[in-house]
Amino acid sequence: MFFVLQLALPSQAILYWVLSFRRLRQHQKNINLFSSANEKIDLLWLQSFLIILLIVLIVWLNLVFLNIQPLKEFTPLIYLICIFFLAHFSLKQGEVFDFSPADIRNLSEIIEVKNPIVKQRLTTDQITTLNDKLNYLMTVDRLYLENELSLPVLSKKLGASPNDTSYLINEIHKENFYNFINRYRIEEAKNLLLDSQYQKLSIIGIAYECGFNSKAAFNAAFKKYTGQSPTEYIKLSQNRGS
């Protein structure tokens, strides 16, 4: 009985860590459904937090079961360093979802849909009307240039619910919200990179002009849609022109 109780706590700790890590990875997939700027809400800091907790867990298991002497000797120092970084990442965290409670409820409904068979939410006429409005917002109003554009913001501009907007983008355009918006941003970036009026701007300046919040996100999206980095794209375009 003592042995079973001794195993219960570490087993529970390992199980909670695995479930937490899985939940975090699921969150990082879900944010593409409703956000076009993932840098502030991707919870990468929490991933680092969990990795440090895993180190603490390993050191603790060594003290209880394994008794590896070299690791045991450095245990106090490892604990000290881990506590420092746990505190750092805890204080670093910011607001995850800057949405109203009603918007969060709507987004939760979108995320929690697990049935692969999607029921038709809109009639053909509704789809046509909303899609025309969506194309207008993207091509004329160029809403994609807003750095903090999210699904709730777009749905309000569209005059539809977040669920209907998500359905329209997923079923008609065959993309999630993140990819749908970034495709327009990359097309804008391709034009600006070759426009003489914007030659004074750096790559990060072009990225901000197109609605991105970081150079890393811009480079990743540009590479995905063009197969080239922004610098390579400029050079190849210049070589073709000459």
Side-chain angles (χ1 to χ4, degrees), residues 26-45 93-113 121-122 126-193 195 198 201-226 230:
Q26 188 60 49
H27 163 79
Q28 291 171 335
K29 293 179 181 178
N30 287 337
I31 55 179
N32 287 341
L33 298 175
F34 55 81
S35 177
S36 66
N38 297 345
E39 296 82 7
K40 295 180 181 179
I41 60 175
D42 59 10
L43 297 186
L44 281 177
W45 68 269
Q93 66 170 307
E95 183 68 36
V96 178
F97 297 128
D98 189 20
F99 302 136
S100 68
D103 287 336
I104 291 178
R105 283 195 297 271
N106 288 327
L107 295 178
S108 297
E109 292 176 7
I110 295 171
I111 290 171
E112 290 171 1
V113 172
R121 294 182 56 90
L122 304 169
Q126 288 175 322
I127 289 174
T128 302
T129 301
L130 285 178
N131 198 44
D132 288 342
K133 288 182 180 179
L134 182 62
N135 288 331
Y136 184 89
L137 288 173
M138 292 295 108
T139 57
V140 180
D141 290 348
R142 300 199 298 172
L143 202 62
Y144 57 87
L145 297 180
E146 293 187 14
N147 298 75
E148 302 298 331
L149 183 63
S150 63
L151 183 63
V153 172
L154 177 60
S155 64
K156 288 172 184 175
K157 297 278 187 181
L158 195 60
S161 69
N163 277 325
D164 289 344
T165 305
S166 178
Y167 176 84
L168 179 68
I169 293 172
N170 294 340
E171 295 303 308
I172 304 306
H173 296 276
K174 306 300 180 184
E175 294 179 296
N176 60 38
F177 177 77
Y178 182 80
N179 290 333
F180 176 75
I181 298 300
N182 280 346
R183 180 164 52 82
Y184 281 96
R185 289 174 173 173
I186 294 304
E187 289 302 317
E188 180 77 10
K190 287 164 65 177
N191 293 329
L192 296 188
L193 287 170
D195 192 329
Y198 290 87
L201 287 179
S202 62
I203 297 296
I204 186 63
I206 295 291
Y208 285 138
E209 285 288 324
C210 297
F212 289 95
N213 285 326
S214 71
K215 186 177 180 179
F218 173 61
N219 285 338
F222 199 93
K223 184 88 172 179
K224 175 181 178 179
Y225 285 100
T226 66

Candidate pair Thr165 and Leu134, rule side chain to side chain contact (heavy atoms under 4.5 Å, CB included), full reasoning: CA-CA 9 Å; Thr165 305; Leu134 182 62; 5.6 Å; no
Intermediate values then yes/no, side chain to side chain contact (heavy atoms under 4.5 Å, CB included), Asn131 and His173: CA-CA 9 Å; Asn131 198 44; His173 296 276; 2.8 Å; yes
Residues Asn176, Ile169; criterion side chain to side chain contact (heavy atoms under 4.5 Å, CB included); working and verdict: CA-CA 7 Å; Asn176 60 38; Ile169 293 172; over 6 Å; no
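Residues Phe222 and Ile206 fail the side-chain proximity criterion, which asks for heavy atoms closer than 4.5 Å.
Summarising the geometry, atom CG belonging to Leu130 is positioned 7.0 Å from atom CG belonging to Asp164; distances are rounded to the nearest 0.5 Å. The line from OG of Ser161 to CG of Leu151 is 9.0 Å long, rounded to the nearest 0.5 Å. Atoms OG and CZ, from Ser35 and Phe177 in turn, are 7.0 Å apart once rounded to the nearest 0.5 Å. Separating the CG atom in Asn163 from the CG atom in Leu168 is a distance of 12.5 Å, to the nearest 0.5 Å. Between atom CZ of residue Phe180 and atom CG of residue Leu154 there is a gap of 7.0 Å, rounded to the nearest 0.5 Å. Here CD of Glu148 is found 4.5 Å from CG of Asn213. Values are rounded to the nearest 0.5 Å.
A donor atom on one side chain and an acceptor atom on the other are found under 3.5 Å apart for Ser166 and Asn170. Donor-acceptor pairing under 3.5 Å is recorded for the side chains of Lys224 and Asn179.
Ring orientation note: the planes of Tyr144 and Tyr184 are close to parallel, at an angle under 30° on the 30°/60° scale.
Nearest heavy-atom pair, Ile204 versus Ser214, reported as atom, atom and distance to 0.1 Å: CD1-C, 3.8 Å.
Side-chain N or O atoms of Asp141 include none that pairs as donor or acceptor with a backbone N or O of Leu143 at under 3.5 Å.
With respect to the salt-bridge test (charged N to carboxylate O, under 4.0 angstrom), the residues Arg185 and Glu188 do not qualify.
With Phe212 as reference, Ile186 is the one residue of Leu145, Asn147, Ile186 to meet the side chain to side chain contact (heavy atoms under 4.5 Å, CB included) rule.
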